[in-house]
Amino acid sequence: GDGELSVSDDNATAEVSISSGTVTISNIGSLAAGTKVVVTVTAEEGTNHNTASATYTLTIGTKSIASAKVTTMADQTYTGEEIKPEPVVTIGTTTLVRDEDYTLTYPTDVTNVGEKTIIIEGIGNYAGTITAEYNIVRAAGKVTLSEESGSIDYGTASATFTATRIGDGELSVSDDNATAEASIKNGIVTLSNIGSLAQGTEVKVTVSAAEGTNHTAASAVYTLAIGT
């Protein structure tokens, strides 16, 4: 027929228009997933035809989170506690909101050194999953001595001091004197074979902790002076 066409919809936010038979539904970008917009197209009574109408239903689906960008997270230093940095997730100019637009699932171990993968799963208006990675890196190791220096009388056969370290790296010892012998057991460092060293001799003992699971290598130096 020749009755004029008009359109209307049942959604307060959406806007509907018709031009040359093409119906456009606009202003729907903010509508939540699951929303249905019912558009009614009406033809007025014409010369030879009665009024008529038809409806079209538009359903807003979820948006895939696959296109989201995730910020690169800085390395995290081991602390002995759980470390769970939160990435920033954006789609275009929109920053998504955790527990509203997506959830985060962390791996079981978020304490020890290593690369960790977070699963980002869309919820609400978003669907699908993406991942983000971050690293927990070793903290600085440290060797602590009971004292940094000591002295003994000439002719004394041996000397001892204690050493402890942060972390689980194995402790080892060395010294700078060809005659002296340094050893360590249960944290007690023994410097032996020093009875013949001349007065005024200094023996430097280096206690080293190897790189461990969560700490870097470290060392400390003890100086023993041979007195009179």
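By convention here, the first residue in the shown sequence is residue 1. All values derive from a computational prediction rather than experimental measurement.
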Exercise for the section: Supply the atom-to-atom distance Ile18 CD1 to Thr22 OG1, rounded to the nearest 0.5 angstrom. Expected result: 7.5 Å
Handout entry: Ala140 versus Thr216, closest heavy-atom pair with distance
Key = CA-OG1, 3.4 Å
Handout entry: Lys36/Asp10 ion pair, N-O < 4.0 Å
Key = no
Exercise for the section: Please check if Leu145 and Val221 belong to a single hydrophobic cluster, counting links between Ile, Leu, Val, Met, Phe, Trp and Tyr side chain heavy atoms closer than 4.5 Å. Expected result: no
Exercise for the section: Kindly indicate, with the supporting measurements, whether the criterion side chain to side chain contact (heavy atoms under 4.5 Å, CB included) is fulfilled by Leu31 and Val37. Expected result: CA-CA 10 Å; Leu31 297 182; Val37 180; 3.8 Å; yes
Practice task
Give the C-alpha distance, both sets of side-chain angles, the deciding distance and a yes or no for side chain to side chain contact (heavy atoms under 4.5 Å, CB included) between Asp9 and Val38.
Solution key: CA-CA 6 Å; Asp9 69 83; Val38 179; over 6 Å; no
Practice task
Indicate whether the side chain of Thr47 and that of Asp2 have a donor and an acceptor atom separated by less than 3.5 Å.
Solution key: yes
Problem - Minimum heavy-atom distance between Ser30 and Thr13, given as atom pair plus value - result: OG-CG2, 4.0 Å
Handout entry: Flag, side chain of Thr51 to backbone of Glu44, donor-acceptor distance under 3.5 Å
Key = no
Problem - Sidechain-backbone polar pair: Ser146 side chain, Thr162 backbone, donor-acceptor under 3.5 Å - result: yes
Handout entry: Student check: side-chain heavy atoms of Tyr134 and Val110 closer than 4.5 Å
Key = yes
Problem - Side-chain donor or acceptor of Arg165 paired with backbone N/O of Thr144 under 3.5 Å - result: no
Exercise for the section: Check the side chains of Lys204 and Thr223 for a donor-acceptor pair under 3.5 angstrom, ignoring hydrogens and angles. Expected result: yes
Fill in the blank from the handout: Scanning both residues in full, the closest heavy-atom pair of Gly61 with Ala33 reads O-CB, 3.8 Å
Handout entry: Side-chain heavy atoms of Val23 within contact of Val39, under 4.5 Å
Key = yes
Handout entry: Tyr106 side-chain N/O to Ile119 backbone N/O, donor-acceptor pair under 3.5 Å
Key = no
Problem - ILVMFWY network linking Ile166 to Ile136, side-chain heavy atoms under 4.5 angstrom - result: no
Problem - Any donor-acceptor pair under 3.5 Å from Asn135 side chain to Gln76 backbone - result: no
Problem - Sub-4.5 Å side-chain heavy-atom contact between Thr111 and Asp109 - result: yes
Problem - Euclidean distance, Ile123 CD1 relative to Tyr102 OH, rounded to 0.5 Å - result: 9.5 Å
Practice task
Scan side-chain atoms only and decide if Thr179 and Asn193 contain a donor-acceptor pair under the 3.5 Å cut-off.
Solution key: no
Handout entry: Working for side chain to side chain donor-acceptor pair (under 3.5 Å), residues Asn125 and Thr62
Key = CA-CA 5 Å; Asn125 295 323; Thr62 55; over 6 Å; no
Practice task
Might you confirm whether atom CD of Glu15 has over 12 heavy atoms from other residues, nucleotides or ligands at distances under 6.0 Å?
Solution key: yes
Problem - Closest contact, heavy atoms only, Ser53 versus Thr40 - result: CB-CG2, 4.2 Å
Problem - Closest heavy-atom pair and its distance - Ala182, Leu191 - result: CB-CD1, 3.9 Å
Practice task
Evaluate the side-chain proximity of Thr24 to Val16: yes if any heavy-atom separation is below 4.5 Å, no if none is.
Solution key: no
Practice task
Taking the side chain as every heavy atom from C-beta outward, state whether Leu104 and Ile120 have any pair of such atoms under 4.5 Å apart.
Solution key: yes
Handout entry: Pairwise distance CG(Asn177) to CD1(Ile194) - rounded to 0.5 angstrom
Key = 9.0 Å
Problem - Pair Glu133 + Lys116: basic N to acidic O under 4.0 Å - result: no
Handout entry: Mutual orientation of the aromatic rings belonging to Tyr222 and Phe161 [parallel < 30°, tilted 30-60°, perpendicular > 60°]
Key = parallel
Exercise for the section: Mind listing the closest non-hydrogen atom pair of Ile25 and Ala14 along with its distance? Expected result: CG2-CB, 4.2 Å
Problem - Within-4.5 Å side-chain heavy-atom neighbours: Thr90 and Leu96 - result: no
Handout entry: Min side-chain heavy-atom separation Leu224-Glu202 under 4.5 Å
Key = no
Handout entry: Asp153 (side chain) donor-acceptor with Thr156 (main chain) under 3.5 angstrom
Key = no
Problem - Ile118 side chain reached by Thr131 side chain, heavy atoms, under 4.5 Å - result: no
Fill in the blank from the handout: Rounded to the nearest 0.5 angstrom, the CD1-CD1 distance for Ile28 and Ile60 is 4.5 Å
Handout entry: Side chain Thr79, main chain Glu81, donor-acceptor under 3.5 Å
Key = yes
Handout entry: From CA spacing to verdict: side chain to side chain contact (heavy atoms under 4.5 Å, CB included), Ile130, Val70
Key = CA-CA 9 Å; Ile130 55 175; Val70 181; 3.6 Å; yes
Handout entry: From Glu82 atom CD to Asn112 atom CG, the distance as rounded to the nearest 0.5 Å
Key = 10.5 Å
Handout entry: OH-CD1 distance between Tyr126 and Ile65, expressed to the nearest 0.5 angstrom
Key = 8.0 Å
